[in-house]
Amino acid sequence: MASKRQSSFPPQTKKPRSAEAGSSGFPTEEKEQEATEHTEDIQKEIDKLNEQASEEILKVQQKYNKLRRPFFQKRSELIAKIPNFWLTTFVNHPHVFAQLGDEDEEVLHYLTRVEVIEFEDIKSGYKIDFYFDENPYFENKLLSKEFRVSESGDPSSKSTEIKWKSGKDVTKRSSQAQVKAGSKRQREEPDSFFTWFSEHSEAGEDELGEAIKDDIWPNPFHYYLDPELDDEEGEEEGDEEGKGKIHQPVYDYLVYVPKQASDVNLYMKD
């Protein structure tokens with residue numbers, strides 16, 4: 001009988017586990033606790049840096065808010081020369097448009113200026129001013145809504161009381177489902193855009209205020225000159241020229257439209 005063949009490799013032996021590890025091979029409870037404590041210490045340092053970064057960012061925002069003010073002022077002066085600028089902008093913004101009733105649009109024909117004012121301490125809040133020409137709906141020339149956050153973090157808001165003329169309070173009209181005149185876009189009519197001035201229950205999450213401050217105000221031309229909306233309406237209207245075009249932009253006033261909030265150079269045609 002042939003003898004068994006001997007292996008040329010030495011026999012393999014298992015390495016002993018570290019005395020510091022448990023039977024499962026994982027660190028002991030003592031080591032786990034030590035790692036957790038060290039991680040918490042490092043996270044505290046990260047949190048401190050994040051707080052410092054937030055403070056620095058606020059300082060930069062405050063600095064550039066001051067630098068933007070004269071440009072915003074000049075922009076507002078030019079916008080005042082464009083008929084129905086703010087009405088067109090609001091109609092072209094989907095969230096604001098959803099708040100508008102037909103009568104609201106008639107009132108907004110008299111809106112000539114909108115200003116967003118962030119407080120010196122940006123974290124404390126902001127105010128939106130709406131300037132109106134003399135109109136048959138209310139006595140006010142200025143309507144404002146102000147949002148504040150207290151030192152304890154509690155949000156609140158307050159606004160101008162609208163002095164409606166007799167029989168002209170559009171917030172008291174019944175809401176109903178309608179098709180907008182001159183357009184095929186259907187929606188359920190809201191009570192009124194102007195009810196927003198008397199609503200203060202959701203001051204910390206006011207979607208309309210935030211849409212105006214964060215989305216529209218930095219560059220309202222984005223919504224005023226809305227080519228996609230113009231193309232969509234053009235397809236629906238076909239050859240019926242002028243139908244549903246009451247918000248047609250006045251291009252004679254504007255040559256260059258800024259793409260960034262910081263780029264606010266405006267030019268007029270000669």
Side-chain angles (χ1 to χ4, degrees), residues 35-80 85-86 89-90 92-99 113-131 142-160 196-197 199-226 228 254 256-267:
T36 300
E37 291 175 356
H38 288 168
T39 302
E40 289 176 348
D41 291 339
I42 292 173
Q43 187 60 50
K44 288 178 182 178
E45 294 300 321
I46 294 173
D47 292 341
K48 287 180 181 178
L49 289 174
N50 288 340
E51 290 177 7
Q52 292 175 12
S54 296
E55 292 299 322
E56 293 298 320
I57 290 170
L58 282 175
K59 290 178 182 178
V60 171
Q61 289 177 332
Q62 290 170 341
K63 172 185 176 181
Y64 281 92
N65 278 347
K66 291 180 180 179
L67 292 174
R68 292 188 189 104
R69 285 174 187 169
F71 293 97
F72 284 148
Q73 177 69 26
K74 181 62 176 177
R75 187 182 71 181
S76 293
E77 293 172 0
L78 295 174
I79 285 175
F85 178 90
W86 289 108
T89 299
F90 287 169
N92 286 349
H93 189 283
H95 185 75
V96 179
F97 174 71
Q99 313 301 315
R113 185 168 182 158
V114 174
E115 297 284 346
V116 174
I117 302 166
E118 294 191 81
F119 301 141
E120 189 69 23
D121 181 359
I122 298 174
K123 295 184 294 184
S124 67
Y126 62 96
K127 180 175 72 166
I128 306 177
D129 290 334
F130 302 82
Y131 293 85
L142 170 64
L143 299 179
S144 300
K145 188 162 186 178
E146 182 177 308
F147 301 87
R148 287 193 176 273
V149 179
S150 66
E151 292 184 0
S152 61
D154 296 323
S156 63
S157 65
K158 63 180 182 179
S159 57
T160 306
W196 175 67
F197 288 93
E199 294 173 347
H200 304 288
S201 59
E202 298 182 356
E205 298 180 353
D206 193 295
E207 294 182 358
L208 183 54
E210 291 173 359
I212 295 173
K213 178 177 74 76
D214 297 330
D215 197 15
I216 294 177
W217 177 247
N219 186 1
F221 294 96
H222 174 71
Y223 292 99
Y224 175 71
L225 302 175
D226 188 344
E228 292 183 4
L254 195 64
Y256 172 69
V257 180
K259 298 296 184 184
Q260 307 249 350
S262 59
D263 183 11
V264 291
N265 295 309
L266 299 176
Y267 298 89

Verify whether the ring centers belonging to Phe85 and Phe221 lie closer than 6.0 Å.
yes

Verify the neighbour count for atom CD of Glu77: are there more than 12 heavy atoms of other residues, nucleotides or ligands below 6.0 Å?
yes

Whether over 12 other heavy atoms sit under 6.0 Å from Gln43 CD
yes

Closest approach of [X] and [Y], non-hydrogen atoms and distance?
| X | Y | value |
| --- | --- | --- |
| Leu208 | His95 | N-NE2, 3.7 Å |
| Ile79 | Pro220 | CD1-CG, 4.3 Å |
| Trp217 | Arg75 | O-NH2, 2.9 Å |
| Ser152 | Asp154 | OG-OD2, 3.0 Å |
| Glu199 | Lys145 | O-NZ, 2.7 Å |

Test side chain to side chain contact (heavy atoms under 4.5 Å, CB included) applied to [X] - qualifying residues, sequence neighbours left out:
| X | result |
| --- | --- |
| Glu205 | none |
| Lys213 | Val116, Glu118, Tyr126 |
| Thr160 | Asn140, Leu143, Ser144 |

Just do the side chain to side chain contact (heavy atoms under 4.5 Å, CB included) check on Phe119 and Arg148 with the steps written out, would you?
CA-CA 9 Å; Phe119 301 141; Arg148 287 193 176 273; 3.6 Å; yes

Which distance, rounded to the nearest 0.5 Å, do you find between the [atom1] of [X] and the [atom2] of [Y]?
| X | Y | atom1 | atom2 | result |
| --- | --- | --- | --- | --- |
| Glu45 | Asn50 | CD | CG | 11.5 Å |
| Lys44 | Glu40 | NZ | CD | 6.5 Å |
| Glu210 | Asp215 | CD | CG | 11.0 Å |
| Asp47 | Ile42 | CG | CD1 | 12.0 Å |

For side chain to side chain contact (heavy atoms under 4.5 Å, CB included), just list the numbers for Ile216 and Trp86, CA-CA rounded to whole Å, side-chain angles, deciding distance to a tenth of an Å, and then say yes or no.
CA-CA 10 Å; Ile216 294 177; Trp86 289 108; 3.9 Å; yes

Passes side chain to side chain contact (heavy atoms under 4.5 Å, CB included), Ile57 versus Gln61? Steps please.
CA-CA 6 Å; Ile57 290 170; Gln61 289 177 332; 4.0 Å; yes

Pick one: which of Asn92, Thr89, Asn219 meets side-chain contact (heavy atoms from CB on, under 4.5 Å) with Tyr224?
Thr89

Could you go through the side chain to side chain contact (heavy atoms under 4.5 Å, CB included) check for Glu115 and Tyr131 one step at a time?
CA-CA 8 Å; Glu115 297 284 346; Tyr131 293 85; 3.9 Å; yes

Can you classify the ring geometry of Phe130 versus Trp196 as parallel (below 30°), tilted (30 to 60°) or perpendicular (above 60°)?
perpendicular

